Amino acid sequence: MYALIQNNEIVKVFANPQGFTLNGNQYSSQIFALWSNEEKQAIGIYEIETDSSNFKDESYYNNTNEIFELNDLTVTRKWGTATAKQLNDVNATDENGDDIIKDGKQVVIKGLKSQKISVIKQQASGLLSPTDWYVVKANEVEGYTIPNNIKTFRTAVRTKSNEMEAMINACNTVAQLKTLYEYTGETNPTRPIGEFPKLEVI
C-alpha cells in the first residue's frame, strides 16, 4: 500500500497499484513496481507501514476501521483497540431495549460458544452419518451385528463431541475459547480441544 503526501497531509491511499493524475501529469500504475522508493517519494508517493499490534483474529474479535497516521513522512496503517465478540447467547432487543419476540418465542443472538458447539455437532454428525446404515441394518435384520470397530468409532465420536462441548462451555472469556483452537508444536501440532477420532478400517 502507498500514500500520496501533499503539504504534510495524506491526500490519497493506494490499496493497489493504479494509474493517477498529479499536478497535470498522468502516471501509470507501473511506477509502483518499476520506480525506486526515492523516485516515488520525489512526487510524494510513500510506502505505507503496517502496525497490526491491535488487529486481532476476526473470528473472535471486532476490529476498528483502519486508520492512517502521518508522522515525519512516515505513513502507518493501524487499528484501534479490538473488542471481543459476544461469548454467550443474549436475548435480542429492539431500539427501546424491549425483547424481540417472533412466533411467540424470544429471539436469541447466538454467542461464540453456541456457534462453536453448533460446528462441533455438525462435524460429529458428518462423521457418524456414513456408518448409520450399520445401525439401521442391525435394527431391521435379525441376527446382524454391528462390527466392533464401527461401534468403537461411533462411541468415540460421541464421547469426543461431548468433551469438546464441555471444554467450550467451560470458557469464561473469548481469549480462553480462542486458545482451545490454537495449534502448538512443529512436528505434530496439537490443540487443547483435540481432534475427532478416525475410523479404523479392518
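In this text, all values refer to a predicted model and were calculated from it rather than measured experimentally. Nothing fancy with the numbering, it's 1 onward along the sequence.
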Going through the checks in order, is the side-chain contact (heavy atoms from CB on, under 4.5 Å) test met by Tyr60 and Lys85?
CA-CA 6 Å; Tyr60 300 90; Lys85 292 185 176 181; 5.8 Å; no

List the steps, then state whether side-chain contact (heavy atoms from CB on, under 4.5 Å) holds for Gln115 with Leu112.
CA-CA 5 Å; Gln115 295 173 31; Leu112 287 176; 4.0 Å; yes

When you look at Ser29 and Gln18, which way does the side chain to side chain donor-acceptor pair (under 3.5 Å) test go after all the steps?
CA-CA 4 Å; Ser29 62; Gln18 63 184 79; over 6 Å; no

Do Val135 and Arg154 pass the side-chain contact (heavy atoms from CB on, under 4.5 Å) test, and can you show the C-alpha distance, the side-chain angles, and the key distance before you say yes or no?
CA-CA 10 Å; Val135 179; Arg154 290 176 66 85; 3.6 Å; yes

Criterion side-chain contact (heavy atoms from CB on, under 4.5 Å) on Val13 and Val75, from CA distance to verdict
CA-CA 10 Å; Val13 170; Val75 183; over 6 Å; no

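Side-chain contact annotation: Asn88 with Lys113, donor-acceptor N/O pair under 3.5 Å present.
You'll find the side chain of Trp35 reaches within 4.5 Å of the side chain of Ile43, heavy atoms only. Residues Thr190 and Thr184 form a side-chain contact, since some pair of their non-hydrogen atoms from C-beta on lies under 4.5 Å apart. Residues Ile10 and Ile5 are in side-chain contact: their nearest non-hydrogen atoms beyond the backbone lie under 4.5 Å apart. Put simply, the side chain of Ile120 reaches to within 4.5 Å of the side chain of Phe196, judged on heavy atoms. Side-chain contact between Leu22 and Gln6 is present, with at least one heavy-atom pair separated by less than 4.5 Å. Counting only heavy atoms from C-beta outward, the side chains of Arg158 and Leu128 approach each other to under 4.5 Å. Side-chain contact check for Lys40 versus Glu47: every heavy-atom pair is 4.5 Å or farther apart. In this structure, Glu69 and Asp51 have side chains that are not in contact, with every pair of non-hydrogen atoms separated by 4.5 Å or more.
Under a 3.5 Å cut-off, the side chain of Thr179 and the backbone N or O of Ala175 do form a donor-acceptor pair. Of the possible polar contacts, one joining the Ser129 side chain to the Gly126 backbone as a donor-acceptor pair under 3.5 Å is found. Between the Gln176 side chain and the Asn172 main chain, a donor and an acceptor come within less than 3.5 Å of each other. With hydrogens and angles disregarded, no donor-acceptor distance shorter than 3.5 Å links the side chain of Gln86 to the backbone of Lys110. With hydrogens and angles disregarded, no donor-acceptor distance shorter than 3.5 Å links the side chain of Glu58 to the backbone of Asn63. The backbone N or O of Asn96 sits less than 3.5 Å from a side-chain atom of Asp94, completing a donor-acceptor pair. Side-chain atoms of Asn91 do not come within 3.5 Å of backbone N or O of Val108 as any donor-acceptor pair.
By the 30° and 60° cut-offs, the orientation of the rings of Phe20 relative to Phe14 is tilted. By the 30° and 60° cut-offs, the orientation of the rings of Tyr144 relative to Tyr134 is parallel.
Considering CG of Leu180 and CE of Met164, their distance stands at 10.0 Å, rounded to 0.5 Å. Atom CD1 of Ile48 is separated from atom OG1 of Thr74 by 11.5 Å, given to the nearest 0.5 angstrom. Atoms CD1 and OG, on Ile168 and Ser118 in that order, are 10.0 Å from each other to the nearest 0.5 Å. Expressed to the nearest 0.5 Å, how far CG of Asp99 lies from NZ of Lys105 amounts to 15.5 Å. Put simply, NZ on Lys178 and OH on Tyr61 are 7.0 Å apart, with the number rounded to the nearest 0.5 Å. Within the model, atoms OG1 of Thr50 and CD of Glu66 stand 8.5 Å from one another, a figure rounded to the nearest 0.5 Å.
What you find for Ala84 and Val174 is that their closest heavy atoms are CB-CG2, 3.7 Å.
For Glu195, the CD atom sits in a packed shell: over 12 heavy atoms of surrounding residues, nucleotides or ligands are nearer than 6.0 Å. Atom CD of Glu9 is surrounded by 12 or fewer heavy atoms from other residues, nucleotides or ligands within 6.0 Å. Other residues, nucleotides and ligands contribute only 12 or fewer heavy atoms inside 6.0 Å of the CG atom of Asn65.
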